[in-house]
Number of protein chains: 2
Amino acid sequence: MRKLAAELGISATTIYWHVGGRDDVVAALIERQSERLSDAAVTGTNPRERVASAARNVWTTALAHPNVTRLAYETGYSAKLELPLEISLARELVAAGLDPTRTRDALRGILYSIGGFLVMALRPPDAVPADRTSTALWGSVDDPAIPARTRDRITEPPDLDQLFERTMSALIDSILAR
Amino acid sequence: MRKLAAELGISATTIYWHVGGRDDVVAALIERQSERLSDAAVTGTNPRERVASAARNVWTTALAHPNVTRLAYETGYSAKLELPLEISLARELVAAGLDPTRTRDALRGILYSIGGFLVMALRPPDAVPADRTSTALWGSVDDPAIPARTRDRITEPPDLDQLFERTMSALIDSILAR
DNA sequence: GCCGTTTCTTGAACACTGTTATAGTGGCCC
DNA sequence: GGGCCACTATAACAGTGTTCAAGAAACGGC
């Protein structure tokens, strides 16, 4: 707050008078950003492609605005920020012919999985020191059932985008197969 | 720190002298807990079941100890806490015949998805006020492409355990199918 | 032009974090 | 008893978000 005020050349209390507490500032910021996100286009000519596209939009949009996304996540405004994209995804699931319950379960399942990927991708670099990372810890794993070559491979971080695509494909295939 | 010290009937500085800073206290706590978690049994008679079991262990163990899991997550010690269960999961993937790269990708894909579910399931109740929840926000969604009945269904939270099982099945099927 | 009210701005302060510097207190060995 | 060591506690520092009370500025009525 003080830092933000200093950057604006005003006093912290002025922000409190005009906008409100930290929470209100964040809320206003998220509100603005959310409106800008509403127009991510869904592409594809069949349900599979279109659902995948809508899901990918959540992922790429978040990656394109890491700071806002982090801030929203840390303050509990993720849902507000993502809502337009959630709606977009829900539309495609409905269009694919899913009934209400399956639509909800598909929507939530996809969103939760995306959330997991985003948590990994967007964590502030200083939140987890390098030596507490899973990849780092695997370096000293010595298990007879796990070949050294596999162990070393696990030490290297995966290609997040590729992994995301594959994971989504698996999920969506399963959802639309029924 | 002060609160913990008061609970123990000592002064905060005493903790600093004996254990160290907050980070050291958390690290010691996680270390202890991690040892207890190492012996979650993997069940099943075929790769599919055994991988699913190892993945489920991560999920159920975290749900069984929400406070430690949250603390570990917030302080960047998640990997340290979960490592035994990650190893257990990797063992099953190797046993299923996956090569090093596929093992890594499968491991990470599964873990990231579980992470997303855990974030949703374990968030401290006060972190996200009820009116910022996705389910709450969907209550006021009015989209011509989404039937009211579907909209209302999305308003209700899904069965997390069931959704977890289905999501894992889809992922594991896809991983082992190649 | 002056006065009074409302609108705005501000420095100081509060409560709360994690952390540390300083000043001790107690016990042990020689 | 003297000197050293292990340990404890009080007070303070720096950093959050937030509020209070006191002013400065703008505005309107006479």
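Since the model is a prediction, treat every value here as computed from it, not as a measurement. When reading the values below, keep in mind they use all heavy atoms of this one structure, side chains included, and skip hydrogens, waters and symmetry mates. Residue numbering restarts at 1 for every chain, and letters A, B, ... go by the order of the sequence lines.
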When the distance from [atom1] of [X] to [atom2] of [N] is rounded to whole Å, what number comes out?
X      : N       : atom1 : atom2 : answer
L71(B) : dG18(C) : CG    : C1'   : 15 Å
W17(B) : dA21(C) : CH2   : P     : 16 Å
I10(B) : dC7(D)  : CD1   : P     : 13 Å
L4(B)  : dG18(C) : CG    : C1'   : 13 Å
I15(B) : dT20(C) : CD1   : C1'   : 15 Å

Would you say [X] reaches [N]'s phosphate, i.e. side-chain N/O to OP1/OP2 under 4.0 Å?
X      : N       : answer
T14(A) : dC8(C)  : no
K3(B)  : dT17(C) : yes
H18(B) : dA6(D)  : no

The single option from R153(B), R151(B), E156(B) passing side chain to side chain contact (heavy atoms under 4.5 Å, CB included) against W138(B):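 By the side chain to side chain contact (heavy atoms under 4.5 Å, CB included) criterion, W138(B) pairs with just one of R153(B), R151(B), E156(B): R151(B).
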
Does a donor on one side chain sit under 3.5 Å from an acceptor on the other, for R166(A) and S174(B)?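 R166(A) vs S174(B): no donor-acceptor pair found between side chains.
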
So, R22(B) and T75(B): side-chain donor and acceptor under 3.5 Å apart, yes or no?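 R22(B) vs T75(B): no donor-acceptor pair found between side chains.
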
Given dG17(D), dT20(C), dG11(C), identify the nucleotide with an atom nearest to the side chain of Y16(A).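 Of the candidates, dG17(D) comes closest.
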
Identify which nucleotide among dG17(D), dT20(C), dT8(D) has an atom closest to any side-chain atom of M1(A), counting heavy atoms from C-beta outward.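 Taking heavy atoms from C-beta onward, the closest nucleotide is dG17(D).
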
Quick check on DNA chain C: between R2(A) and S11(A), whose nearest nucleotide comes earlier from the 5' end?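 Closer to the 5' end of DNA chain C: S11(A).
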
Is there a path of hydrophobic side-chain contacts, each under 4.5 Å between heavy atoms of I/L/V/M/F/W/Y residues, joining L163(B) to V58(B)?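 Yes.
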
